[in-house]
*Asks:* 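Dumping the structure here so I can ask a few things about it.
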Amino acid sequence: MPSPLSVVIPTFNAEADLSGCLDALAMGLTEGLIREVIVVDGGSSDHSITLAYKWGARVIAASGKGRGRQLRTGGINAKGDWFLFLHADTHLSEDWATEILTHLNQFPHHAGAFKLQYRSTSKDARWLERRANARSKLLGLPYGDQGLLISRKQYERLGGYSDFPLMEDVDLVRRIGKRQLRILDCHAMTSAEKYERDGWKKRARANAFLLLRYYLGASPQKLAQNYS
């Protein structure tokens with residue numbers, strides 16, 4: 001039987017973080033879990049594509065920048081029976097492969113996302129992690145930086161990622177629904193760069209306000225104009 005998992009990583013000038021993201025996947029290769037790693041690039045001008053090729057990933061050029069479009073392109077081209085969508089600045093904890101194997105065997109009809117952890121020593125990082133992980137557990141609403149594990153059947157039945165410039169992650173997990181989504185017992189360790197740049201609470205409030213506007217009907221295209 002072929003390895004079940006296609007890993008899809010959207011990139012745009014991501015070379016600073018991509019090596020760590022890819023290297024953390026090595027355990028999945030050792031366990032015979034990963035069938036392919038697909039890097040979908042949105043027009044990088046740095047060395048992201050070269051780095052992905054050297055690592056052994058399959059590289060696809062998306063028709064324009066936009067994470068929703070890149071994720072959708074990856075899903076269309078993936079060959080595995082299960083998909084794992086990861087942001088390029090997310091590094092998985094060492095136990096991720098074991099946890100996913102358990103999920104595939106015991107919860108084949110559920111999607112999954114990881115617990116969130118920021119690569120920062122700030123106390124504010126721990127504060128925001130607690131809030132994000134509580135939201136994920138109580139509301140079934142993990143964000144894209146927590147990754148998404150989903151079977152091909154479930155993904156295709158739901159129509160996959162929408163071609164949104166923002167909120168593509170929220171859109172899909174809302175269609176999955178809380179009852180069909182598990183929070184996996186391992187971590188996605190993601191970059192804290194934007195929070196450290198803008199201030200943890202300021203950035204968290206801004207993101208919460210964007211989410212509220214989305215729930216009230218603002219288009220992802222309009223919201224993307226205010227996001228950086």
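Just so it is clear, the values below take in all heavy atoms, side chains as well, and ignore hydrogens, waters and symmetry mates. Here the structure is a predicted model, which means the values were calculated and not measured.
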*Asks:* Verify, without hydrogens or angle tests, whether S122 (side chain) and D124 (backbone) share a donor-acceptor contact under 3.5 angstrom.
*Replies:*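 Pair found, side chain donor or acceptor close to backbone of D124.
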
*Asks:* Please report the interatomic distance CD1(I176) to CG(L181), rounded to the nearest 0.5 Å.
*Replies:*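 Reported value, rounded in 0.5 Å steps: 6.0 Å.
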
*Asks:* Between the side chains of E193 and R197, is the shortest nitrogen-to-carboxylate-oxygen separation below 4.0 Å, so that they form an ion pair?
*Replies:*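 Salt bridge between R197 and E193, a charged N being under 4.0 Å from a carboxylate O: no.
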
*Asks:* Looking only at heavy atoms, which two atoms of A204 and Y195 are closest? And how far apart?
*Replies:*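 Nearest heavy atoms, A204 then Y195: N-CE2, 3.9 Å.
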
*Asks:* Tell me if a side-chain donor or acceptor on H103 pairs with a main-chain N or O of H110 at a distance below 3.5 Å.
*Replies:*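 It does hold such a pair.
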
*Asks:* Report yes or no: do I60 and V7 belong to one cluster of Ile/Leu/Val/Met/Phe/Trp/Tyr joined by side chain heavy-atom distances under 4.5 Å?
*Replies:*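 Different hydrophobic clusters.
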
*Asks:* Is there side-chain contact between D41 and S48, with at least one heavy-atom pair below 4.5 Å?
*Replies:*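 The answer is yes, as the side chains (C-beta and beyond) meet within the 4.5 Å cut-off.
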
*Asks:* Would you mind reporting whether L71 and L172 have side-chain heavy atoms less than 4.5 Å apart?
*Replies:*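 The answer is no; the side chains never approach within 4.5 Å.
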
*Asks:* Using the ring of F85 (Phe, Tyr or Trp, six-membered ring only), decide whether R67 places NZ or CZ under 6.0 Å from its centre and within 45 degrees of its axis.
*Replies:*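 Checked: cation-pi criterion not met.
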
*Asks:* Has the side chain of D81 got a donor or acceptor atom that lies under 3.5 Å from a matching backbone atom of P4?
*Replies:*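 Here the side-chain-to-backbone pair does not exist.
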
*Asks:* Quick one: does Q146's side chain have a donor or acceptor within less than 3.5 Å of a partner on A113's backbone?
*Replies:*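 No; judged by distance alone, with no hydrogens or angles, the pair does not exist.
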
*Asks:* How far apart are the closest heavy atoms of Y155 and Y161, and which atoms are they?
*Replies:*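 The answer is OH-N, 3.1 Å.
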
*Asks:* Rounded to the nearest 0.5 Å, what separates atom CE in M189 from atom CG in D89?
*Replies:*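 Going from the CE atom of M189 to the CG atom of D89 covers 12.0 Å.
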
*Asks:* Go through it in stages, so that I can follow the logic: the residues are L25 and L5, the test is side-chain contact (heavy atoms from CB on, under 4.5 Å), and I'd like the CA-CA distance, side-chain angles, deciding distance and then a yes or no.
*Replies:* CA-CA 11 Å; L25 298 176; L5 193 63; over 6 Å; no

*Asks:* Would F114 and T90 count as a side-chain contact (heavy atoms from CB on, under 4.5 Å) here? Give the steps.
*Replies:* CA-CA 11 Å; F114 301 98; T90 294; over 6 Å; no

*Asks:* Mind checking whether Y143 and L223 sit in one hydrophobic cluster, side chains of I, L, V, M, F, W, Y counted as touching below 4.5 Å?
*Replies:*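 As far as the 4.5 Å side-chain criterion goes, L223 and Y143 are connected within one cluster.
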
*Asks:* Which pair of non-hydrogen atoms, one from L158 and one from R175, has the smallest distance, and what is that distance?
*Replies:*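 For L158 and R175, the tightest heavy-atom pair comes out as O-NH1, 2.5 Å.
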
*Asks:* Does K123 qualify as a cation-pi partner of W200, given the criterion of NZ or CZ under 6.0 Å from the six-membered ring centre and within 45 degrees of its axis?
*Replies:*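 Not satisfied by the 6.0 Å and 45° rule.
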
*Asks:* Run the side-chain contact (heavy atoms from CB on, under 4.5 Å) check on F209 and R205 step by step: do they pass?
*Replies:* CA-CA 6 Å; F209 184 57; R205 287 194 296 268; over 6 Å; no

*Asks:* Does E36 reach the main-chain N or O of K79 with its side chain, forming a donor-acceptor pair under 3.5 Å?
*Replies:*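 Flag set: sc E36 to bb K79 pair under 3.5 Å.
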
*Asks:* Quick check: does any side chain N or O of S19 sit under 3.5 Å from a backbone N or O of E15, one acting as donor and the other as acceptor?
*Replies:*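 Looks like no, no N/O pair under 3.5 Å.
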
*Asks:* When hydrophobic residues are tied together by side-chain contacts of less than 4.5 Å, even through go-betweens, does L184 share a cluster with V173?
*Replies:*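 In one cluster with L184: V173, no.
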
*Asks:* Would you indicate whether the side-chain heavy atoms of W96 and L84 approach each other to under 4.5 Å?
*Replies:*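 Heavy-atom side-chain distance check passes, below 4.5 Å.
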
*Asks:* Could you see if I9 belongs to whatever hydrophobic cluster contains L33? Use Ile, Leu, Val, Met, Phe, Trp, Tyr and a side-chain cutoff under 4.5 Å.
*Replies:*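 Yes, I9 connects to L33 through the hydrophobic network.
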
*Asks:* Nearest 0.5 Å, please: how far is CZ in R182 from CD in E99?
*Replies:*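 Reported to 0.5 Å precision, the distance equals 6.0 Å.
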
*Asks:* What about W127 and Y118, same hydrophobic cluster or not, with Ile/Leu/Val/Met/Phe/Trp/Tyr joined at side-chain heavy-atom distances under 4.5 Å?
*Replies:*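 Result: yes, single cluster for both.
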
*Asks:* Let me know which of R152, Q154, K153 forms a side chain to side chain donor-acceptor pair (under 3.5 Å) with E156.
*Replies:*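 The single option meeting the side chain to side chain donor-acceptor pair (under 3.5 Å) with E156 is R152.
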
*Asks:* Keeping the roles fixed (side chain from D171, backbone from M167), state whether a donor-acceptor pair exists under 3.5 Å.
*Replies:*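 A pair under 3.5 Å: no.
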
*Asks:* Give the minimum heavy-atom separation between D185 and K115, together with the two atoms involved.
*Replies:*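 Smallest heavy-atom distance, with atoms named: OD1-NZ, 2.9 Å.
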
*Asks:* Does this structure show an ion pair linking D17 with R119, if we count only N-O contacts that are shorter than 4.0 Å?
*Replies:*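 A salt bridge links D17 with R119.
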
*Asks:* Measure the OG-CH2 distance between S151 and W82 for me, rounded to the nearest 0.5 Å.
*Replies:*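 S151 OG to W82 CH2: 5.0 Å, rounded to 0.5 Å.
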
*Asks:* Is a side-chain N or O of K178 found less than 3.5 angstrom from the main chain of L138, in a donor-acceptor match?
*Replies:*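 Flag set: sc K178 to bb L138 pair under 3.5 Å.
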
*Asks:* After noting the C-alpha distance and the side-chain angles of L148 and D169, does the key distance pass the side-chain contact (heavy atoms from CB on, under 4.5 Å) rule?
*Replies:* CA-CA 9 Å; L148 180 66; D169 49 355; over 6 Å; no

